[in-house]
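Structure, as structure tokens:
Both backbone and side-chain heavy atoms feed into the values below; hydrogens, waters and symmetry mates do not. Counting from 1, the numbers follow the sequence of the chain as shown. The structure presented is a predicted model; accordingly, all values stated were derived computationally and were not measured.
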Amino acid sequence: MIEREIFGATADVRLGLSEDGRFETSGERFRTYLCAADAVVVHRARLTRELATALAATGRCRVVARQGVGTDNIDVQALRDLGIASFHVPDYCTAETADHALALVLALDRDICAQDRMIRRGHWSTRVGRIPRRLGRRTLGIIGFGRIGSTVARKASVFFGEILAYDPEVHSDAVEAHGARAVDSLEELASCSDVLTLHASLNTNNYGLINREFLRNTREGALLVNTARGPLVDSDAVLEALETEALSGYATDVYAPENPADNASNALLARHERVVSTSHRGFLSQESEVSLRRRVATEVAYVLRTGQAPRYGRLS
């Protein structure tokens, strides 16, 4: 195990509580288990203010690590308020997620999944599915121009004739440095793009960022791809847009909740062959997994050994 290799005999490394093959992520037993730790590594559980307060009350926990990029599942402000150090790893899977987004774009535009399903059912027809377009004459719109969005821009330049980007926190000079052109509003991006790909971080201000109003502004025949966070997209609005053909296709790696069973996303999967879905694995490669685990363990060990704040990806 990578973690044991890094900690050696200096720490007792334990996985989360599990029952019937599923990890527990809430409840009193989960809380009691967590509060016995000197360091907590969070993957897909939620670390709320209540949990952070319980950790602080024991006086034991010295660091919380978010094992991943996003911080929407940990209450960073609570950790700051309570004086518990925390960090995340914002750059371990940039290339993988950008590649995954572009793979979904191509799968949608070339209708690869529909063709695959048809052939497996014993049929053969060149014309089944949407007719692809020459991407060199098309425009890609990128929502969120951080590490991943800017990497998508660079890699997508070999496919698309023009690349636009919207990110109110990134100056147009930085966007242009990556071969894209900044636009001033989501409405402009929607109306000018043939393909839209979502790379914004999730915060309290942008839940449902992709909603009915946004989708009403999209260019005819547009495709939408989400490899960021599920709650950024109103799944009901996407379902309506597909049914009215305001969107020609939707591909997503993320859902809200994480498993799409029993929510609007499930209706998307059930009703539309113009939906392509993967199970939140855009980050995944052999190299990224090893890098993430090694970096988290190394930084936790550093904080516990030295008593200093995290060196990389510090949140609190």
Side-chain angles (χ1 to χ4, degrees), residues 23 25-26 42-52 66-79 86 88-90 93 97-98 100-101 104 108 141-149 152 165-169 185-187 189-190 196-218 222-242 246-247 249-272 275-284 315:
F23 281 106
T25 58
S26 62
V42 180
H43 184 41
R44 292 189 179 174
R46 297 198 67 81
L47 197 146
T48 62
R49 178 171 286 273
E50 180 187 5
L51 274 177
R66 165 67 176 102
Q67 188 159 310
V69 175
T71 59
D72 49 282
N73 62 329
I74 63 173
D75 192 327
V76 175
Q77 189 58 55
L79 294 171
S86 63
H88 67 146
V89 190
C93 63
T97 307
H100 199 82
L104 291 176
L108 274 183
I142 300 173
I143 303 168
F145 209 74
R147 294 177 180 88
I148 296 170
V152 168
Y166 173 75
D167 191 325
E169 297 183 4
S185 68
L186 275 175
E187 292 76 17
L189 190 77
L196 292 147
T197 182
L198 189 54
H199 302 288
S201 58
L202 180 65
N203 56 54
T204 55
N205 298 319
N206 62 9
Y207 276 71
L209 182 71
I210 307 304
N211 52 29
R212 287 176 176 85
E213 181 180 356
F214 176 89
L215 294 168
R216 278 196 294 268
N217 290 314
T218 54
L223 303 174
L224 175 64
V225 172
N226 183 14
T227 55
R229 285 292 182 267
L232 291 168
V233 173
D234 181 339
S235 294
D236 290 330
V238 169
L239 182 59
E240 290 176 15
L242 288 167
L247 279 180
Y250 177 55
T252 185
D253 186 48
V254 286
Y255 289 96
E258 180 78 2
N259 188 326
D262 302 322
N263 74 349
S265 300
N266 193 45
L268 284 174
L269 296 175
R271 296 187 205 175
H272 285 281
V275 173
V276 175
S277 184
T278 53
S279 51
H280 200 163
R281 69 196 308 267
F283 67 90
L284 188 61
L315 296 168

- Query: For atom CD of Gln77, is the number of surrounding heavy atoms from other residues, nucleotides or ligands below 6.0 Å larger than 12?
  - Reply: yes
- Can you tell me if CZ on Arg44 sees more than 12 non-hydrogen neighbours from other groups inside 6.0 Å? yes
Where is the tightest heavy-atom contact between [X] and [Y], given as atom of each residue plus distance?
| X | Y | result |
| --- | --- | --- |
| Thr218 | Ala246 | OG1-O, 3.5 Å |
| Leu104 | Ala251 | CB-CB, 3.8 Å |
| Val152 | Ala101 | CG2-CB, 4.4 Å |
| Arg49 | Asp75 | CB-OD2, 3.5 Å |
| Leu186 | Phe214 | O-CE1, 3.8 Å |
| Val254 | Thr227 | CG2-C, 4.4 Å |

Answer yes or no: is there a side-chain heavy-atom contact under 4.5 Å between [X] and [Y]?
| X | Y | value |
| --- | --- | --- |
| Leu239 | His272 | yes |
| Arg229 | His280 | yes |
| Leu224 | Ile210 | yes |

- The salt bridge (charged side-chain N to carboxylate O under 4.0 Å, His left out) partners of Asp234 (sequence neighbours excluded) come to Arg212
- Just jot down the ring-ring contact (aromatic ring centres under 6.0 Å, His included) partners of Tyr250, sequence neighbours excluded, or say none.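 Here no residue qualifies.
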- Task: Start with the C-alpha distance between Asp253 and Thr278, add both sets of side-chain angles, then the distance that settles side chain to side chain donor-acceptor pair (under 3.5 Å), and finish with yes or no.
- Result: CA-CA 5 Å; Asp253 186 48; Thr278 53; 2.6 Å; yes
- Quick one: list whatever passes side-chain hydrogen bond (donor to acceptor under 3.5 Å, both in side chains) with Ser277, sequence neighbours left out.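 For Ser277 the side-chain hydrogen bond (donor to acceptor under 3.5 Å, both in side chains) partners, ignoring immediate neighbours, are Tyr255.
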- Item | Qualifying residue for side-chain contact (heavy atoms from CB on, under 4.5 Å) with Tyr207, from Leu202, Val233, Leu232 |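 So the option named by the test is Leu202.
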- Task: Give the intermediate values and the outcome of side-chain contact (heavy atoms from CB on, under 4.5 Å) for residues Leu51 and Arg46.
- Result: CA-CA 9 Å; Leu51 274 177; Arg46 297 198 67 81; over 6 Å; no
